[in-house]
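This is a predicted model, so every value here is computed, not measured. Letters A, B, ... are given to chains in the order of the sequence lines, protein chains preceding strands, and every chain is numbered from 1.
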Number of protein chains: 2
Amino acid sequence: MPDAELLRLDHQVCFSLHAASRAFGGVYRDALKDLGLTYPQYLVMLVLWEHGPRPVKAIGEQLRLDSGTLSPLLKRLESAGLVRRERSTQDERSVTIHLTPAGDELRTQALPVPRRMLAATGLTIEELRTLQGLLARVTSSLDEA
Amino acid sequence: MPDAELLRLDHQVCFSLHAASRAFGGVYRDALKDLGLTYPQYLVMLVLWEHGPRPVKAIGEQLRLDSGTLSPLLKRLESAGLVRRERSTQDERSVTIHLTPAGDELRTQALPVPRRMLAATGLTIEELRTLQGLLARVTSSLDEA
DNA sequence: CGCAACTAAGTTGCGCACAATTAAATAACC
DNA sequence: GGTTATTTAATTGTGCGCAACTTAGTTGCG
């Protein structure tokens, strides 16, 4: 395939991913408005709801976010009263993030969000899983490059 | 499927898309470093290389970007000497973006980028097209919601 | 004509993503 | 034990994405 044609295809593919990511973001924005959360903040809360208290480093590894993104984000969650920072006594470099009662309680309000998102995508659960698998595969390939 | 399980799936899916989008961005960042372009700037240049001079509005519609994003981005491309703004004489509200000779010439340097990206994804061209189709379908569903 | 409604682009403000740097604590090593 | 290297967060600076608003030009309607 000639370079020029590949350039056009690249246009299509990278744009599609970009657009899909932002379209998801937009619908999440609506769905999360009532909870007072942004999409990345929701991702952090999902981690905490599922796994309980975790150091910043662990959250960062799970979400592929560095401290440059997480530090201010967590500060906002803290001032919203949803999480609490606690510096570890064993290793004082480490800061563990805990849910406050309010943060824990927000999980109840978040429960209907995924169903709403699922409906918005227009895909079945199986298709969603397929998409997820494909994306995970691409991501791991890209990480090696 | 119970809400709690859906919440976990949501975690997986929305995270996958988020992660894939950022993984793509990271590899593009490397591939475009030599061209001095960011990923969104590259998208704008792709549009101009393919279609020629276009008003800001048309670029925005094609890339789903509003003037809040495009105005400063185009200003940076202009100060990099790659594009030129020209206010329309028929409708003085409209500004048409033209490639400068330098901007046009950059296309030559950009030609090998897609092949490099394709290799980095680890997908075949057919798989890429499939992924693109799936994403486009999701995006259009999300747009209606 | 004159005025209201609309449209295109730009501006401002906030949050995220990421590179680069800094500060403090811990680990490793001679 | 003391020096060096590594690790964990935080900070700074740049750019994107988007909502809300502003400015200037155009259109439509009485």
Query raised in the report: Between dA9(C) and S67(B), is there an OP1 or OP2 to side-chain N/O distance shorter than 4.0 Å?
Result: no
Report task. With a 3.5 angstrom cut-off on both distances, give the Watson-Crick or G-U wobble partner of dG30(D), or none if there isn't one. Result -> dC1(C)
Report task. May I ask you to say what Q90(A) touches in the nucleic acid, namely base, sugar-phosphate or nothing, with a heavy-atom cut-off under 4.0 Å? Result -> sugar-phosphate
Query raised in the report: Y39(A) OH to dA19(D) C1': how many Å, rounded?
Result: 19 Å
Report task. Using atom CG of L17(A) as one end and atom C1' of dG17(D) as the other, report the distance to the nearest whole Å. Result -> 15 Å
Query raised in the report: Would you call E78(B) and R85(B) a salt bridge, using N to O less than 4.0 angstrom?
Result: yes
Query - H18(A) vs L74(A), nearer the 5' end of DNA chain D by closest nucleotide - result: L74(A)
Query raised in the report: What does L70(A) touch in the nucleic acid at a heavy-atom separation under 4.0 angstrom: a base, only the sugar-phosphate, or nothing?
Result: nothing
Query raised in the report: Counting any heavy atom closer than 4.0 Å, what does T38(A) reach on the DNA or RNA strands: base, sugar-phosphate only, or nothing?
Result: sugar-phosphate
Query raised in the report: From dT11(C), dA9(C), dC18(D), pick the nucleotide closest to the side chain of K75(B)?
Result: dT11(C)
Query raised in the report: Can you check the L37(B) CG to dG15(D) C1' distance for me, whole Å?
Result: 13 Å
Query raised in the report: How long is the line joining CG of D143(A) and P of dC18(C), in whole Å?
Result: 11 Å
Report task. Please state whether the rings of W49(B) and Y42(B) are parallel, tilted or perpendicular, taking 30° and 60° as the class boundaries. Result -> perpendicular
Query - Considering all heavy atoms, the nearest A31(B)-R116(B) contact - result: CA-NH1, 3.6 Å
Query raised in the report: Side-chain N or O of S94(B) less than 4.0 angstrom from OP1 or OP2 on dG25(D)?
Result: no
Requested in this report: Using a 4.0 Å heavy-atom cut-off across all strands, classify P55(A) as base, sugar-phosphate, or nothing.
Outcome: sugar-phosphate
Requested in this report: Whole angstrom is fine here: how far is it from CZ in R87(A) over to P in dA24(C)?
Outcome: 11 Å
Query raised in the report: Looking at Y39(A) versus H18(B), is the centre-to-centre ring distance below 6.0 Å?
Result: yes
Report summary line: Note: for G26(A) and V56(A) on DNA chain D, the residue whose nearest nucleotide lies more 5' is V56(A)
Query raised in the report: Using a cut-off of less than 4.0 Å, is there contact between a side-chain N or O of R93(A) and OP1 or OP2 of dT6(D)?
Result: no
**Report entry** More than 12 heavy atoms of other groups within 6.0 Å of E50(A) CD
**Finding:** yes
Query - Closest listed nucleotide, where the reference is the side chain of D66(B) and the choices are dC18(D), dA9(C), dA10(D) - result: dC18(D)
Report task. Test L106(A) against L99(A) for side chain to side chain contact (heavy atoms under 4.5 Å, CB included), laying out the working first. Result -> CA-CA 10 Å; L106(A) 199 64; L99(A) 288 170; over 6 Å; no
Query raised in the report: Contact class for L65(A) vs. all strands (heavy atom < 4.0 Å): base, sugar-phosphate, or nothing?
Result: sugar-phosphate
**Report entry** Closest-nucleotide ordering on DNA chain C, the 5'-leading residue of P40(A) and D91(A)
**Finding:** P40(A)
Report task. Kindly point out which of dC18(C), dA10(D), dG15(D) is positioned nearest to the side chain of R22(B)? Result -> dC18(C)
**Report entry** Minimum-distance nucleotide (side-chain atoms of E92(A) versus dG15(C), dT26(C), dA10(D))
**Finding:** dT26(C)
Query raised in the report: For R64(A) and dA19(C), what is the distance between atoms CZ and P respectively, to the nearest whole Å?
Result: 12 Å
Report task. Find the distance R29(B):CZ to dG15(D):P and express it as a whole number of Å. Result -> 12 Å
Query raised in the report: Rounded to whole angstroms, how far apart are CG on L73(B) and C1' on dG17(D)?
Result: 11 Å
